[in-house]
2 protein chains.
Amino acid sequence: MKGASLEILKHNHLSVTESRKKILDLFLANIGALAHADIEKNTGVQFDRVTIYRTLQTFVDKGIIHTIPTADNSVLYALCKDECEQGHHHDNHIHFICDTCNITICMDHITIPVLKLPKGFAPKRSDVVVSGICNRCN
Amino acid sequence: MKGASLEILKHNHLSVTESRKKILDLFLANIGALAHADIEKNTGVQFDRVTIYRTLQTFVDKGIIHTIPTADNSVLYALCKDECEQGHHHDNHIHFICDTCNITICMDHITIPVLKLPKGFAPKRSDVVVSGICNRCN
DNA sequence: TAATAATTGCAATTTTGTTGCAAAAATTTT
DNA sequence: AAAATTTTTGCAACAAAATTGCAATTATTA
């Protein structure tokens with residue numbers, strides 16, 4: 001798992017820089033989603049806030065990570081699974097937020113049931129945010 | 001429907017002030033969800049930004065309104081239906097965001113199918129954010 | 001109507017996110 | 001492998017969004 005971040009960067013035609021590698025490593029090492037603050041604290045090296053903003057944006061643009069809608073409207077990011085590509089994200093996500101430890105997990109493998117909407121509504125994409133107690137806190 | 005806001009305030013043991021009445025009226029008059037900016041612009045009278053923040057927070061605490069998770073992490077609020085009470089919210093919400101006109105509608109009446117989560121996960125509340133084209137833009 | 005309690009608005013501050021630009025680093029070309 | 005080119009970084013300045021303390025005002029209670 002040493003060069004995973006490097007692989008991902010190359011595969012997405014991004015220049016390989018220390019910040020990108022370290023930030024990507026953080027995502028790879030983490031089960032849960034990360035906030036900007038988590039990244040600022042845990043990269044080991046101190047990167048400029050602006051660099052982190054720009055790196056996250058780049059990763060989102062390339063489809064490497066995606067943002068997670070949260071009830072408290074904090075901004076969270078999580079790794080995309082393989083199905084995601086640039087400009088063409090996997091359209092359905094289930095995210096689980098633990099009320100206890102606050103971890104946010106992206107459950108890509110669970111499929112979202114089809115919803116019956118009122119007449120005239122044409123759904124394109126669904127995000128499901130489930131909160132409760134996670135498996136480790138239970 | 002004249003004194004609806006007044007009723008709601010009294011029912012929730014809140015002192016009746018102009019800002020609270022006007023802001024609540026705005027929610028009652030609107031189908032869609034409201035952002036802080038919408039409220040700042042449309043109350044007729046100009047309230048201090050801080051007052052609006054505090055009023056919204058009070059309403060959330062009392063279970064009169066709830067926040068909506070959005071994909072772009074903007075902060076939206078919508079009226080809770082009757083099932084919601086202080087500290088005991090209606091636990092499932094479906095929100096529809098129109099990609100065209102950007103309206104956000106809270107579809108309280110639609111039930112969310114039960115999701116199969118991995119072992120150990122105990123769901124408490126689900127927010128579903130569906131985006132697409134709404135009935136008026138379709 | 002007076003006394004008490006709660007809310008408002010202002011000022012100051014903090015947090016969060018953005019932009020332009022020169023220096024530094026990464027990639028490409030020779 | 002070094003020079004030329006392109007990209008990225010970090011700083012500074014700025015802008016927007018949200019929070020806090022406090023005195024003045026407004027609402028409720030007695």
Side-chain angles (χ1 to χ4, degrees), chain A residues 3 5-27 33-62 64-77 86 102 104, chain B residues 3 5-27 33-62 64-77 86:
Chain A
S5 54
L6 199 136
E7 280 307 306
I8 294 173
L9 291 175
K10 283 191 175 170
H11 183 261
N12 284 280
H13 311 294
L14 290 172
S15 359
V16 178
T17 67
E18 206 194 342
S19 49
R20 285 178 181 165
K21 262 190 297 182
K22 284 268 168 64
I23 291 173
L24 200 40
D25 280 338
L26 252 192
F27 278 105
L34 298 174
H36 185 277
D38 298 323
I39 295 163
E40 207 166 347
K41 282 175 208 149
N42 300 317
T43 37
V45 201
Q46 192 68 12
F47 296 112
D48 194 89
R49 282 161 26 79
V50 179
T51 301
I52 296 173
Y53 279 120
R54 289 196 273 223
T55 302
L56 289 171
Q57 190 53 57
T58 303
F59 286 176
V60 169
D61 291 344
K62 289 289 185 179
I64 301 172
I65 61 176
H66 63 270
T67 58
I68 299 179
T70 58
D72 70 340
N73 285 283
S74 59
V75 186
L76 290 178
Y77 300 88
Q86 179 168 14
N102 227 46
T104 300
Chain B
S5 55
L6 199 136
E7 280 307 306
I8 294 173
L9 291 175
K10 283 191 175 169
H11 184 261
N12 285 279
H13 312 291
L14 290 173
S15 357
V16 178
T17 67
E18 208 195 341
S19 49
R20 284 178 182 167
K21 261 192 298 184
K22 285 268 167 65
I23 291 173
L24 200 40
D25 280 338
L26 252 192
F27 277 107
L34 298 174
H36 184 278
D38 298 323
I39 295 163
E40 208 167 346
K41 282 174 206 150
N42 301 317
T43 38
V45 201
Q46 191 69 10
F47 297 111
D48 194 271
R49 282 163 34 78
V50 179
T51 301
I52 297 173
Y53 280 121
R54 289 195 272 225
T55 303
L56 290 171
Q57 190 53 56
T58 303
F59 287 177
V60 169
D61 291 344
K62 289 288 184 181
I64 300 171
I65 61 176
H66 63 269
T67 58
I68 300 178
T70 58
D72 69 340
N73 286 284
S74 60
V75 186
L76 290 178
Y77 300 87
Q86 179 168 13

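Here is the naming used below: chain letters follow the sequence lines, and residue numbers restart at 1 for every chain.
Comparing D:dT9, C:dC10, C:dT27 against the side chain of A:Ser15 picks out C:dT27 as the nearest.
Across every non-hydrogen atom of B:Glu40 and B:Gln46, the tightest pair is O-OE1, 3.6 Å.
For A:Thr55, no side-chain nitrogen or oxygen approaches OP1 or OP2 of D:dT8 to under 4.0 Å. OP1 or OP2 of C:dG9 sits under 4.0 Å from a side-chain N or O of B:Thr51. Applying the 4.0 Å criterion to OP1 and OP2 of D:dT9, one finds that A:Ser19 has a side-chain N or O inside that range.
When rounded to the nearest whole Å, the span between CG of B:Leu14 and P of D:dT29 equals 12 Å. Per the geometry, NZ belonging to A:Lys22 stands 16 Å off C1' belonging to D:dG10, to the nearest Å. What separates CG of B:Asn12 from C1' of C:dT7 is a distance of 17 Å, to the nearest Å. The distance from atom OH of B:Tyr53 to atom P of C:dT8 is 16 Å, rounded to the nearest whole Å. In this structure, the CD atom of B:Glu18 is 10 Å from the P atom of D:dT26, given to the nearest Å. Atom NE2 in A:His36 sits roughly 9 Å away from atom P in C:dT18 (whole-Å rounding). Atom NZ in B:Lys10 sits about 12 Å away from atom C1' in D:dA27, given to the nearest Å. B:Asp48 has its CG atom 15 Å from the P atom of D:dA17, to the nearest Å.
With values rounded to the nearest 0.5 angstrom, B:Glu18 atom CD is found 10.0 Å from B:Ile23 atom CD1.
Looking at heavy atoms from C-beta onward, A:Lys10 lies in side-chain contact with A:Leu6 at the 4.5 angstrom threshold. Side-chain contact between B:Phe59 and B:Leu9: present, with at least one pair of heavy atoms (C-beta onward) separated by less than 4.5 Å.
Taking only distance into account, the side chain of A:Arg54 meets the base of D:dG10 through a donor-acceptor pair shorter than 3.5 Å. Evaluation of atom-type donor-acceptor distances gives no pair under 3.5 Å for the side chain of A:Arg49 against the base of D:dG10.
Of the possible polar contacts, none joining the A:Asn12 side chain to the A:Leu14 backbone as a donor-acceptor pair under 3.5 Å is found.
Residue-to-nucleotide proximity on DNA chain D shows that, of B:Val16 and B:Val50, the 5′-proximal contact is made by B:Val50.
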